[in-house]
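See below for the structure under consideration.
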Amino acid sequence: MLVTSQPQPQTMSTANSSRWIAHVDLDAFFASCEQRDDPALRGRPVIVGALPGQRGVVAAASYEARAFGVHSAMPIGEAARRCPDAVYLRPDMDKYRQVSRQVMAALQSITPLVEVASVDEAYLDVSGLKRLLGPPAAIGERIKSVIREATALTASVGIGPNRLLAKLGSEHRKPDGLTIIRPDEAQGFLDPLPVSALRGAGPRAQAVFRRLGIGTIRALRDCDPERLTTAFGRRAALGFLRQARGEASAEVLPGRPRKSISKETTFQQDIEDQAALRAQLVALAAGVARTARRERLAGHRVTLKVRYRGFETHTRQRRLTQATQDERVLARVAAELLADPRLPQRPVRLIGVGLSDWA
DNA sequence: GATACGAGACATATAGTA
DNA sequence: CTAATACTATATGTCTCG
Ligand SMILES: [Mg+2]
Ligand SMILES: [Mg+2]
């Protein structure tokens with residue numbers, strides 16, 4: 001069964017008429033942070049992620065590394081084959097979070113209507129800035145310049161009548177790009193794009209589109225809704241068709257609270273020993289609890305995740321009457337979940353602990 | 001007594017970000 | 001054929017309860 005998430009209907013022609021939404025995305029974020037802080041890395045391929053010989057993937061590749069075909073989520077072994085002379089670095093998440101806060105603070109100086117979408121991405125409702133800053137292009141340049149002044153990093157910016165078009169705009173020209181999509185240009189911009197550009201069109205959905213012979217957004221628009229519904233289900237099908245017409249939410253929601261905290265680790269070699277696994281759970285539980293306490297969150301739901309040799313993955317969760325942020329409780333509950341006799345008794349590749357359902 | 005149905009819990013699938 | 005992260009979010013199928 002194919003499951004995809006779809007944005008809720010929020011047509012530009014109805015509730016949110018004539019808005020301007022900006023999407024901001026830092027270029028090769030982790031790799032750019034490292035090149036900024038070490039001049040010796042500038043102009044060289046930089047790959048942030050696992051180190052060659054380890055288990056893991058590329059988190060971020062500099063544009064010099066991308067020239068070798070290296071990209072995010074590529075197994076590190078393949079990256080090492082394609083680009084043996086790159087500089088390989090482990091991620092420094094504390095650094096990236098700090099830079100991220102500087103970026104978001106800079107954006108706040110332009111408008112309070114900033115929605116943080118990831119560590120290096122944000123949506124801004126810039127509808128009201130016309131009088132202050134001028135046309136969308138001037139607003140986009142302003143966004144890029146405050147980020148550059150605050151962090152010495154480049155960003156790509158898309159501005160359009162809703163979130164979808166803003167996001168596709170920021171993807172369109174990068175690095176250091178700026179793309180404005182006016183409402184009357186939207187359909188012409190969308191039509192030649194591959195359906196893989198749409199939100200919710202991941203590997204599984206793309207395979208279905210391929211089977212249906214639908215390659216471009218134009219072809220999707222011309223497709224019989226019945227046929228699409230059969231393939232994707234009603235909700236996903238209508239969602240794709242809406243996007244194909246350029247319809248999407250134009251809402252920007254500042255300060256969205258997080259819904260879960262989790263920590264997981266993949267072992268360099270699979271672990272069979274149950275005591276060793278419980279020791280890992282203790283460390284992961286401590287990490288989750290630390291984040292929970294820092295953010296003053298206590299959760300009712302504990303989730304255990306286990307991935308076995310061969311990549312088979314299982315989760316187990318339990319709801320606690322009393323919400324917790326205590327690593328001892330987390331570790332104990334996770335260990336009890338791991339003891340579920342219905343779980344495979346096989347070498348474990350990955351184990352993780354999560355906390356959600358805030359008090 | 002059997003059945004329908006909504007709510008909630010749980011397990012899994014899929015996606016998107018670096 | 002081998003390799004395949006960490007983290008977060010959402011959709012949906014299945015089960016149980018009342
Ligand atoms: Mg980015
Ligand atoms: Mg991004």
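So that the names make sense, note that chain A is the first sequence line, chain B the second, and so on, each numbered from 1.
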Rounding to an integer number of angstrom, what distance separates [N] and [M] when you compare their [atom1] atoms?
N: dT14(B); M: dA4(C); atom1: C1'; value: 16 Å
N: dG1(B); M: dG18(C); atom1: C1'; value: 16 Å
N: dA3(C); M: dG16(B); atom1: P; value: 27 Å

How close or far is atom [atom2] of [N] from atom [atom1] of [X], stated in whole angstroms?
X: Gln54(A); N: dA4(C); atom1: CD; atom2: C1'; result: 15 Å
X: Arg258(A); N: dC7(C); atom1: CZ; atom2: P; result: 10 Å
X: Lys167(A); N: dG16(B); atom1: NZ; atom2: P; result: 9 Å
X: Leu198(A); N: dG16(B); atom1: CG; atom2: P; result: 10 Å
X: Phe30(A); N: dT17(B); atom1: CZ; atom2: C1'; result: 8 Å
X: Phe240(A); N: dA11(C); atom1: CZ; atom2: P; result: 13 Å
X: Leu51(A); N: dA3(C); atom1: CG; atom2: P; result: 18 Å
X: Glu115(A); N: dA9(C); atom1: CD; atom2: P; result: 12 Å

Practice task
Would you indicate whether the side-chain heavy atoms of Leu220(A) and Leu198(A) approach each other to under 4.5 Å?
Solution key: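 The answer is yes, as the side chains (C-beta and beyond) meet within the 4.5 Å cut-off.
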Check your understanding: Quick one: does Thr216(A)'s side chain have a donor or acceptor within less than 3.5 Å of a partner on Leu193(A)'s backbone?
Key ->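 No.
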**Item:** Side-chain donor or acceptor of Asp27(A) paired with backbone N/O of Asp176(A) under 3.5 Å
**Value:**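 At least one qualifying donor-acceptor pair exists.
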Salt-bridge present ([X], [Y]; N to O < 4.0 Å):
X: Arg318(A); Y: Glu336(A); value: yes
X: Arg307(A); Y: Glu312(A); value: no
X: Arg182(A); Y: Asp184(A); value: no
X: Arg346(A); Y: Glu272(A); value: no
X: Glu226(A); Y: Arg234(A); value: no
X: Asp270(A); Y: Arg55(A); value: yes
X: Arg19(A); Y: Glu251(A); value: no

Exercise for the section: Remember a base hit wins even if backbone is also touched, and classify Ala60(A) as base, sugar-phosphate or nothing at under 4.0 Å, heavy atoms. Expected result: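 Sugar-phosphate, no base atom in range.
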**Message:** Can you pull out the residues from residues 65-96 of chain A that lie within a 4.0 Å heavy-atom distance of DNA chain B?
**Reply:**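 Hits under 4.0 Å, by residue number: Ser72(A), Ala73(A).
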Contacts to DNA chain B from residues 347-359 of chain A, heavy-atom cutoff under 4.0 Å, which residues?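 Result for residues 347-359 of chain A: none.
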Which nucleotide in [options] has an atom nearest any side-chain atom of [X]:
X: Val57(A); options: dA15(B), dT5(C), dA18(B); value: dT5(C)
X: Asp25(A); options: dA6(C), dA9(C), dA18(B); value: dA18(B)
X: Glu264(A); options: dC7(C), dT10(C), dT17(B); value: dC7(C)

Listed pairs, N/O of protein and of nucleotides 16-18 of chain C, under 3.5 Å:
none

Can you check whether [X] has a side-chain N or O nearer than 4.0 Å to OP1 or OP2 of [N]?
X: Ser260(A); N: dA9(C); result: yes
X: Arg235(A); N: dT14(B); result: no
X: Thr266(A); N: dA6(C); result: yes

(request) Go through the structure and list residues passing salt bridge (charged side-chain N to carboxylate O under 4.0 Å, His left out) with Glu327(A), not counting sequence neighbours. (result)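 Applying salt bridge (charged side-chain N to carboxylate O under 4.0 Å, His left out) to Glu327(A) gives Arg293(A).
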Distance-only donor-acceptor hits, side chain of residues 349-359 of chain A, under 3.5 Å, sequence neighbours excluded:
from: Asp357(A); atom 1: OD2; to: Arg301(A); atom 2: NE; distance (Å): 3.0
from: Trp358(A); atom 1: NE1; to: Arg258(A); atom 2: O; distance (Å): 2.9

Between His314(A) and Tyr308(A), how do the two ring planes meet: parallel, tilted or perpendicular, split at 30° and 60°?
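Perpendicular, since the angle between the ring planes exceeds 60°.
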- Can you say whether the rings of His172(A) and Phe189(A) are parallel (under 30°), tilted (30 to 60°) or perpendicular (over 60°)?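 It falls in the perpendicular class, over 60°.
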Contact residues, residues 295-323 of chain A to DNA chain C [heavy atom, < 4.0 Å]: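 When residues 295-323 of chain A is checked for heavy atoms under 4.0 Å from DNA chain C, the hits, listed by number, are Arg307(A), Phe311(A).
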ask   = With hydrophobic residues grouped by side-chain heavy-atom distances under 4.5 Å, do Ile147(A) and Ile180(A) end up in a single group?
value =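 They do share one cluster, since a chain of ILVMFWY contacts under 4.5 Å joins Ile147(A) to Ile180(A).
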